[in-house]
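In what follows, a structure is listed as structure tokens, so that the remarks can point back to it.
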2 protein chains.
Amino acid sequence: MKELIAKYREKGFKLTPQRIAILKFLDGNTSHPAANDIYRNIKKDYPTVSFATVYNTLQALRDRREVAEITIDFQKKHYDPDLRPHHHIICTECNKIADVFQDYSEALRLPYHIKDEFQATANHVNFYGICKKCQKIKKGGTKLCA
Amino acid sequence: MKELIAKYREKGFKLTPQRIAILKFLDGNTSHPAANDIYRNIKKDYPTVSFATVYNTLQALRDRREVAEITIDFQKKHYDPDLRPHHHIICTECNKIADVFQDYSEALRLPYHIKDEFQATANHVNFYGICKKCQKIKKGGTKLCA
DNA sequence: ATTTAGATTAGAATGATTCTAATATTAGAA
DNA sequence: TTCTAATATTAGAATCATTCTAATCTAAAT
């Protein structure tokens, strides 16, 4: 944890208790939280924290390439502190997001006429599916999943 | 156009003038419009059209698998009447979206432990980059692009 | 022409995200 | 340690995309 704080301070990132709480929450977090998830969690320890702080911090982290923003969900953005190149799969029933660590970089070569038009900087594969839990529930009837 | 209308009527899709205007606008449209783009366009001929109509129609089309919803933009959903499997690239400066007709289906095989957890139904590759126009403008200074 | 299921509308409601302006805090300098 | 400037925090308003509501209207089958 100490190292985490030092690491950000070095980068000229001003550290407040709220920010430290956000960093702690994100550190090693594989749940792909949305802004609201982060807010709810931080609020436990800092009841007066505001959404502005959460969004400001996320923006700062995003600008410094410390978190990745993910567009896989049709409703809202999700955040991922894991910066290793990887992809995601989302359950279309419960919106759970899982990581796909598979290197498709060789395969995802763009056609020449696109390369001619765009200077590509990144790519990301979104997979959609139904998770095990939701498959069971669907057979049962009602739709619900953790 | 006649065929387009017949095609939808067959599918039990009740056709109103507003819906026909939306269908016309979408037919062969490669601009990947968002709901607001569609609304603005229809409003020219039907000044009283409401957002509800646009969204209702898009929902009906989506449910019938007549348009695809795209999550590549961080701000809003875009719609694509082209249902052939393909992918997209978005300019991170001006948000222009272009099509990438390249078949990656063989390459995008999921790892077994994911297949075990998810019953995958679809995938989509988002490419991010800077379009030619915006590359020029960036060198110049200001950021703007059609 | 009648009927009815389904569509349209204005506008309110919701949810995510951004903005504002006043206040408070961090981190570095004195 | 105290001071200061730059930056962060806050509540709440504002914005934007999207969905909902309830009253009214219309397509299309009879």
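- In the interface, the side chain of B:Lys77 is not paired with the base of D:dA17 through any donor and acceptor atom under 3.5 Å apart.
- Here the nucleotide nearest the side chain of A:Leu15, chosen from C:dA27, D:dT18, D:dT10, is C:dA27.
- Rounded to whole angstrom, the span from the CZ atom of A:Phe51 across to the C1' atom of C:dA16 amounts to 8 Å.
- Protein atom CZ of B:Arg62 is 11 Å distant from nucleotide atom C1' of D:dT19, rounded to whole Å.
- Distance, A:His78 NE2 to C:dA16 C1': 11 Å, rounded to whole Å.
- Judged by distance alone, the side chain of B:Arg9 and the main-chain N or O of B:Leu15 form no donor-acceptor pair under 3.5 Å.
- Rounded to whole Å, the distance from OH on A:Tyr39 to C1' on D:dG12 is 12 Å.
- C:dA30 and D:dT1 make up a base pair, with Watson-Crick or G-U wobble contacts both under 3.5 Å.
- An OP1 or OP2 oxygen of D:dA8 is reached within less than 4.0 angstrom by no side-chain nitrogen or oxygen of A:Thr53.
- For the pair B:Phe13 and A:Pro17, both in contact range of DNA chain D, the more 5′-proximal nearest nucleotide belongs to A:Pro17.
- You'll find the side chain of A:His124 reaches within 4.5 Å of the side chain of A:Ile70, heavy atoms only.
- Nearest to the side-chain atoms of B:Asn56 among the listed nucleotides C:dT8, D:dT18, D:dA28 stands C:dT8.
- Nucleotide C:dA7 holds its C1' atom 15 Å from the CG atom of B:Asp63, rounded to whole Å.
- Between the NZ atom of A:Lys43 and the P atom of D:dT9 there is a distance of 14 Å, rounded to whole Å.
- At the heavy-atom level, B:Thr16 lies under 4.0 Å from the strands shown only through sugar-phosphate atoms.
- A straight line from CD of A:Gln59 to P of D:dT9 spans 12 Å, rounded to a whole angstrom.
- With respect to the salt-bridge test (charged N to carboxylate O, under 4.0 angstrom), the residues B:Asp27 and B:Lys24 do not qualify.
- Contact annotation: A:Gln18 reaches the phosphate of D:dT10 (side-chain N/O to OP1 or OP2, under 4.0 Å).
- Closest contact between the side chain of A:Lys14 and the listed nucleotides D:dT10, C:dT26, C:dT9 involves C:dT26.
- The closest side-chain heavy-atom distance from B:Gln102 to A:Leu108 is not below 4.5 Å.
- Contact annotation: A:Tyr55 reaches the phosphate of C:dT17 (side-chain N/O to OP1 or OP2, under 4.0 Å).
- Under the 6.0 Å distance and 45° angle rule, B:Arg19 does not count as a cation-pi partner of B:Tyr8.
- The side chain of A:Ala52 lies closest to D:dA11 when the candidates are C:dT17, C:dT9, D:dA11.
- Proximity note for A:Arg19 (side chain, C-beta onward) versus C:dT9, C:dC19, D:dT9: the nearest is D:dT9.
- The CD-C1' distance, from B:Gln75 to C:dG15, rounds to 15 Å in whole Å.
- Closest to the side chain of B:Lys76, from the set D:dA11, C:dT8, D:dA17, is D:dA17.
- Here B:Thr48 lies in heavy-atom contact (under 4.0 Å) with sugar-phosphate atoms only.
- Within the 4.0 angstrom heavy-atom criterion, only backbone atoms of the sugar-phosphate kind lie near A:Ala35; the bases stay farther away.
- The side-chain heavy atoms of B:Asp99 and B:His88, taken from C-beta on, include a pair separated by under 4.5 Å.
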